[in-house]
Visitor: 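Got a structure here, written out as structure tokens. Questions coming.
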Amino acid sequence: MREFAYHRPGDLQAAVALLADGESRPVSGGMTLLPTMKQRLAAPPALVDLSTIPGMAGVTVEGRTVTVGALSTHESVASSPEIVACIPALASLAGVIGDPAVRHRGTIGGSVANADPGADYPAAVLGLDATVVTDRREIGADDFFIGLFTTALAPDEIITAIRFPVPDAAGYAKFRSQASRFALVGVFVARFGPFVRVAVTGAAPCVFRQKDIEEVLARDFTPSALTRISIAPSGLNSDIHADSEYRAHLVMVMARRAVEQALGAPARP
Amino acid sequence: MKVELSINGRAVSADIPPSLLLSDFLRENCELTGTHVGCDTSQCGACVVHVDGVSMKSCTLLAVAMDGRSVTTIEGLAGTVGAELHPMQEAFHVNHGLQCGFCTPGMIMSAVDFAKRHPSPTEGEVRRWLEGNICRCTGYQNIVAAILAGTKAMHAPQGD
Amino acid sequence: MNAHTGIGASILRKEDRRFITGKGNYVADIRRPGMLRGVFLRSPHAHARIKGIDTKAAAAMDGVAAIFTGADLAADGVGGLPCAWGVSNADGTPMKEPARSAMAVDKVRCVGDAVAFIVAETLEQALVAAEAVVVDYEPLPAVVSMLDAIRPGAPAVFDDIPNNTCFDWECGDAQATAAAFAKAAHVARISLVNNRLVGNPMEPRAAVAEYDSGRDHYTMWTTSQFPHVVKVLMGNFVLNIPQHKLRIVAPDVGGGFGVKQFLYAEEVITTWASRKTGRPIKWINERSDGFLSDAHGRDHVSEAELALDESGRFLGLKVRTIANMGGYLSTFGPNIPTNLYGLLLAGVYTTPAIHCEVKGVFTNTVPVDAYRGAGRPEATFLLERLVDVAASEMNIDKVEIRRLNMIDASQYPYQTPVIVKYDSGDPKACLDTALKEADWAGFAERKAASKARGLLRGIGVCTYIEACGLAPSRIVQSLGARAGIFESATVRMHVTGDVTVLIGTHNHGQGHETTFAQIVSEMLSVPTDKIEIVFGDTDKVQFGLGTYGSRSLAVGGTALAKATNKIIAKGAKIAAHMLEAADTDIVFEKGSFKIAGTDRSKSLGEVVGAAYGLVNFPIDVLEPGMEEKAFYDPVNFTYPGGAHIAEVEIDPESGVVELVSYVAVDDIGTVINPMIVGGQLHGGIAQGVGQALYENCVYDEASGQMLTGSFMDYCMPRADNLPNMQITTQSTQCTHTSFGVKGCGEVGTIGSPATVINAVVDALSHLGVNHVDMPATPGRVWRLIHNSATQLRAAE
């Protein structure tokens, strides 16, 4: 990869300052950025390594809110006893990201900031109506994901934590691309009292909510409630791995399976 | 840029460019060529090493980011148990868990981390763990057998 | 001597230690003093004229030692890459054989075609400079599909080759086949695609070349399955380097599968550039460059018809195949879809009349050549799919239709209607064992259990035969091979009785260092830890043809056995002298030379000691020393075969196919090391399962771009894609190799695609599905289920 300057700031403010040029890039696990740079598709002048900034990793639970530090690795989320107890669907989602070696290094902040259309975390953030906490503000999930690899973050803005409200029930069903193991379609379903949120990743350029499924599930939170509805393929991704019609179909299949899990069925491998 | 780390229990300091990947640092600067590179999309796992005891893909780590950390490669694995061969290395040999040998170092390093976390694993758990380690020769069957045997050996009571 | 280490013993591999401790010596690990790094700039266009290449700015960049283009090679008299196997058209005229320069000069013919070689002090400097090389391309319309390539008005890959047609080959008897079809009670038909594959050994290709100006001598370390052939082809036909001035070393090689059995442009250019720059050069392919420059495999479109009588007996087989050659002819390209395909279409059946026509077609894609199985998986897939279709259409049990048509053990040697003559085999026995091992009879119960879990279960059976042990020189030369394909081995006994074997085959995972040692151990009663197998270095091993076509044991092993027999024969003469007996009275048993019928003997160690000791040695009648070499040129191919059975479960909601069981019963001749054979079978089957369910190399038809250029899009089978496979060998002995060995490297890949797809089709047969193209991906399978459900609803 192209040469670049490397900074390892000791605190958040220093990190933000180093990103002020708008071209330098923050990096934590680097599981997406470094492969991109290796393929010479990105050549930032500097990398600002956030991974040693204190206080940005770990899980805390306060009342009905689980706060996950941005530097928490996928593995630490998957195996966090607090998350397993409060939002098991989030833990199991983290446990199917990438592969073990990637989960040991990749972080939730990096994944959410990157907003890869095939990433898993955006489905949880949007499905759980999480709040993205940055160095300067808090952004609601509905306002955070804007498009393909695009979020509401400013170029020098750094995610410090994600705050997840604890749902009454939640489930995540992922249909992997056989080759890349990214989500071809992933559906996160969460019920908060009478309200249901359904977030879909992998199917379109950006994670999105599927409101008609939400409405049906709000009335009847069972897999069978979904057997009679379908979604339109228009706007969904179409590629050699899955055309949009198949993806639309998979959204419904994965939604049913996510509901099954939310109701206590074990996740399918 | 100056970096100080431990590699296979030995303190190493070097002045290296920030763009140097850990895999290249190990292979080119440290002459530890047991760590292999089999793809450019961070998928094949031939490059897996341990960073502070945890399996990671050295082709997707900056060497400078390893400052202050402890890296173990296939060459140093046996040293971690003070034997000529680590039980997992022995298990790969005994179970014919390798053919061309190219994926083997990463496979073994990945397996050792798995075994630490799963003292009595199922075959399915082994197969799922290997999602990030690709082998083209073995059909994985004897690798899975080797990992099950190696895990058992690693958790066997001392003196067993 | 301790435990038995000879034939039949599952001893652990001698070569393992260096690999499990990280001490393997792969080409990428080699470092030479003053070594430069080279990278290739590759064409982003599928088809374009090169109007100019400007290297000036790039050449002036930091660390750049030199930049070479195709014009530089041409100016220096570098020749084109030769094709080593030509085939003829049905009318007897030769195939079209366009010149292939090592680097594109006037035109690029596929994405990935190399246009410049950039050599710099560091890899990064070479990569940066490569970005600064300016190539002025005039893009041309490209054609990637074979069917498009032969349509009138298609873009011409080569300006002077009409219809993009390399050859129109045929085998068999058209007239007899037509006659058979005329009396058929039923004709079963199938159209199918054999998907393009990328072999992807885990070690990317690489080369390190060093020119020694003091000796005017070249050394190249390369990831090759056949270093001696590289030496002849590259030295003699391309670079004009005298053979005694060129050394090729293929050290540890991380998998081959055919991908590394060709002469590649990168090997030539790296070697040539090491002289031009005066410094050693290392080139390592990135994986994504490998997708664009390793020769690919398979890629056929076929139509076939099987004529049957009313009882289901096969009367005749007609096959028409279009095979993709890619943008150039690779080393063995034309041979694969012809001789290694058409000649196998009898399978294990007594079909009396066969006619096969194959059209080889140029397209703007990476060249296609041998990949594990090479032609034989394609033949097996077509035949075994067609048999299933026939069985289903005639409502005959698919096992019974196979049994009805199988060659009986008593019919061997069996002359097929397509040239080859099988020496040995017992396909019915393999089938019967497979049915038992797979509990075929219990399938209905398992299907019901799957159904209760909402899953569609299917079972598939496939029988196969292959021709391997490449190759009988006389036969293959009549089929177009431009050289003999024998093998040689040298057995060197050291004065201490330890043994070094030098052999021309190449070990890149197959366990040769163990298996060959077992042969010598068996014959000489020397333990395997006293035997070293040396290969892969043209300065050490006098000659060899390398490893491919499941030939190493059948051909190399037989050469080794012949050389070892010469050791025994010579030892007998020395022992006779020592024992003051006649040569003819000496027998060799358990490591000792004995006077037959007496207890007087000399151990092998004593005899070898005498051979080098020269005290009282009959030097005027016998050469001292103990080193013997032998060549072996087989009289026929070997014909492994077998029966495989697989079961799949399909999730009808998502279309996901899970392979839940796999049983293989193979006749591979005598087994030297069952453990190693098991590993070869596992790996071979996994690659065939990969073709059936996961792997597919796809080009965009409009742009000619490869859409599956990395592991992100080209699915490599993972551990969780495969079940534990059940491997059984049930062997007859080959009649013409030492010990009756046949070969096992490719059988798994040959039998498995049809087995798996037959199971998938079986699971979907209630929906009216009679064929699924490979790979049976979830999207493809869901589409079949969805369409049949839609049709069903429409019918209601």
Visitor: May I ask you to test the Cys44(B)-Met202(C) pair for a side-chain heavy-atom distance under 4.5 Å?
Guide: yes

Visitor: Just wondering, do Arg718(C) and Leu130(B) contact through their side chains at under 4.5 Å, heavy atoms?
Guide: no

Visitor: Using a 4.5 angstrom heavy-atom cutoff, name the option from Gly101(B), Ala46(B), Gly34(B) with the most pairs to chain C.
Guide: Gly101(B)

Visitor: Surrounding CG of Asp62(C) (heavy atoms of other residues, nucleotides or ligands, distance under 6.0 Å), is the total greater than 12?
Guide: no

Visitor: If the threshold is 4.0 Å, N to carboxylate O, is there a salt bridge linking Glu203(C) and Arg136(B)?
Guide: no

Visitor: Find the distance between CD (Glu31(B)) and CG (Asp29(C)) and round it off to the nearest 0.5 Å.
Guide: 11.0 Å

Visitor: Give, for atom OG1 of Thr122(C) and atom CD of Glu28(B), the distance between the pair rounded to the nearest 0.5 Å.
Guide: 10.5 Å

Visitor: Is any side-chain heavy atom of Lys23(C) less than 4.5 Å from a side-chain heavy atom of Glu75(B)?
Guide: yes

Visitor: Can you confirm whether Lys152(B) is buried at NZ, in the sense that more than 12 heavy atoms of other residues, nucleotides or ligands lie under 6.0 Å from that atom?
Guide: no

Visitor: Can you tell me how far apart CG (Asp720(C)) and CH2 (Trp129(B)) are? Round to the nearest 0.5 Å.
Guide: 14.0 Å

Visitor: Where on Thr104(B) is there a heavy atom nearer than 4.5 Å to chain C: the side chain, the backbone, both, or neither?
Guide: side chain

Visitor: Relative to chain C, which segment of His93(B) carries a heavy atom at a distance below 4.5 Å: side chain, backbone, both, or neither?
Guide: both

Visitor: Tell me, side chain or backbone of Ile676(C) under 4.5 Å from chain B's heavy atoms, or both, or neither?
Guide: both

Visitor: Out of the candidates His682(C), His508(C), Gln510(C), Gln680(C), only one should pair with Gln99(B) under the side-chain hydrogen bond (donor to acceptor under 3.5 Å, both in side chains) rule; please name it.
Guide: Gln680(C)

Visitor: Could you tell me which non-hydrogen atom of Arg127(B) sits nearest to which non-hydrogen atom of Leu722(C), and how far apart they are?
Guide: NH1-O, 3.0 Å

Visitor: Considering only heavy atoms, which portion of Val253(C) lies under 4.5 Å from any heavy atom of chain B: side chain, backbone, both, or neither?
Guide: backbone

Visitor: With a 4.5 Å cut-off on heavy-atom pairs, point out which of Asn133(B), Val94(B), Leu77(B) contacts chain C the most.
Guide: Val94(B)

Visitor: Heavy-atom pairs under 4.5 Å with chain B are the metric here; pick the option from Gly24(C), Ser710(C), Gly678(C), Gly199(C) that has the most.
Guide: Gly199(C)

Visitor: Are Thr21(C) and Leu85(B) side-chain neighbours, meaning at least one heavy-atom pair lies under 4.5 Å?
Guide: yes

Visitor: Is there a donor-acceptor contact under 3.5 Å linking the side chains of Asn724(C) and Glu123(B)?
Guide: yes

Visitor: Please rank Gly690(C), Gly679(C), Ala686(C) by heavy-atom pairs under 4.5 Å with chain B and give me the top one.
Guide: Gly679(C)

Visitor: Would you find a donor on one side and an acceptor on the other, under 3.5 Å apart, between the side chain of Gln43(B) and the backbone of Met712(C)?
Guide: yes

Visitor: Against chain C, work out which of Thr33(B), Ile143(B), Asp40(B), Asp24(B) has the most heavy-atom pairs shorter than 4.5 Å and name it.
Guide: Asp40(B)

Visitor: For Met716(C), is it the side chain, the backbone, both, or neither that has a heavy atom closer than 4.5 Å to a heavy atom of chain B?
Guide: side chain

Visitor: So for Arg31(C), is it side chain, backbone, both, or neither that comes closer than 4.5 Å to the heavy atoms of chain B?
Guide: side chain

Visitor: Under 4.5 Å, counting heavy-atom pairs only, tell me which of Pro105(B), Ala78(B), Gly76(B), Cys100(B) racks up the most with chain C.
Guide: Cys100(B)

Visitor: Please find the pair of heavy atoms, one from Thr41(B) and one from Phe711(C), that lie closest to each other, and give the distance.
Guide: OG1-CB, 4.1 Å

Visitor: When you measure from the side chain of Tyr140(B) to the backbone N and O of Pro717(C), does any donor-acceptor pair fall under 3.5 Å?
Guide: yes

Visitor: Evaluate Arg17(C) against Glu84(B) for salt bridge (Lys or Arg N to Asp or Glu O under 4.0 Å), listing each step before the verdict.
Guide: CA-CA 11 Å; Arg17(C) 174 160 289 246; Glu84(B) 208 179 317; 3.0 Å; yes

Visitor: Return the minimal non-hydrogen interatomic distance between Gln89(B) and Ile20(C), and the atom names on each side.
Guide: NE2-O, 2.7 Å

Visitor: Is there side-chain contact between Pro204(C) and Phe102(B), with heavy atoms separated by less than 4.5 Å?
Guide: yes

Visitor: Quick check for you: among Asn142(B), Val144(B), Val37(B), which has the greatest number of heavy-atom pairs under 4.5 Å with chain C?
Guide: Asn142(B)

